[in-house]
Amino acid sequence: MNTKIVIPTSEGGFTAHYSEHGLARLDFPTARPEAQSEKEIPAQVRRWHRLTTDALNDALAGRAPRVLPPLDLSAGTEFQRHVWSALRRIASGRTRSYAEVAAEIGKPRATRAVGGACGANPIPVLVPCHRVLAANHAIGGFGGGLDWKRKLLAREGIEVR
DNA sequence: ATTTACAATATGA
DNA sequence: TCATATTGTAAAT
């Protein structure tokens, strides 16, 4: 049972997908606005959605969200969930290298695999995959588009060469 | 069932 | 500077 709701922000309309366990996915604004499935939005989802909206707007303003909705990461593999929880520990305005993230989850040689997990991250911004840079502080890549990564980093006051 | 490509990086030539 | 081994996934073959 899924619910899909668009979140208007200063950067465009993000699309939030909720499962029965919480926020399952967050998509960057698409050029063409998707049809919004209204139907009946469960009261619980609406509560989560308010938290998501607040958290997203805080994040886009360069502030650390004070509260996050429950995240449903059951879609990922065990390795990916480890990476994602490591990402959520990165403080706003701070960065890590792919190698550091790999070391943190106990697999220091899986740096490239970490890149793969970041690319599979279903909840960008709130799971701060954009705070992961290459070891030399180069920007690396970004699945949602490098422009987004630069913008998000700039909002947090992080300089990239 | 194998091979390839990825948002990497350390190492050795 | 360039080639390569390493690691987890997904996609292509």
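Letters A, B, ... mirror the listed sequences (proteins, then strands); counts begin at 1.
Distance alone, capped at 3.5 Å, is enough to place a donor-acceptor pair between the A:Arg81 side chain and the A:Gly76 backbone.
One atom, CZ of A:Arg96, and another, P of B:dA8, lie 18 Å apart when rounded to the nearest Å. Summarising the geometry, the separation between CG on A:Asn136 and P on B:dA10 is reported as 9 Å, rounded to the nearest angstrom. The nearest whole Å value for the distance from the CZ atom in A:Phe142 to the C1' atom in B:dC6 is 15 Å.
Consecutive Watson-Crick or G-U pairing (both distances under 3.5 Å) extending over three or more pairs maps onto DNA chain B as B:1-6 with C:8-13, B:8-13 with C:1-6.
Rounded to the nearest 0.5 angstrom, A:Thr52 OG1 and A:His17 NE2 are separated by 12.0 Å. Taking CD1 from A:Ile123 and CG from A:Leu73, the interatomic distance works out to 5.0 Å, rounded to the nearest 0.5 Å.
Rounded to a whole angstrom, the distance from the P atom of C:dT7 to that of B:dA1 is 22 Å. Taking atom P on both C:dT1 and B:dA7, the two are 22 Å apart, rounded to the nearest angstrom.
In this structure, A:Phe14 and A:Trp148 have perpendicular ring planes: the angle between them is above 60°, well past the 30° mark.
When side chains are defined from C-beta on, A:Leu26 counts as touching A:Ile7, because their heavy atoms get closer than 4.5 Å.
Checking each of A:His21, A:Arg25, A:Arg88 against A:Leu71 for a side chain to side chain contact (heavy atoms under 4.5 Å, CB included) leaves exactly one that passes, namely A:Arg88.
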- Where protein sits on nucleotides 6-13 of chain C, one letter per nucleotide: B base, S sugar-phosphate only, - none, heavy atoms under 4.0 Å: BBSS----
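Residues A:His130 and A:Phe142 keep their aromatic ring centres 6.0 Å or farther apart.
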Under 3.5 Å, which donor-acceptor pairs link side chains of residues 100-117 of chain A to any protein atom two or more places apart or in another chain?
from: A:Glu100; atom 1: OE1; to: A:Ser97; atom 2: N; distance (Å): 2.9
from: A:Glu104; atom 1: OE1; to: A:Arg96; atom 2: NH1; distance (Å): 2.4
from: A:Glu104; atom 1: OE2; to: A:Arg89; atom 2: NH1; distance (Å): 2.6

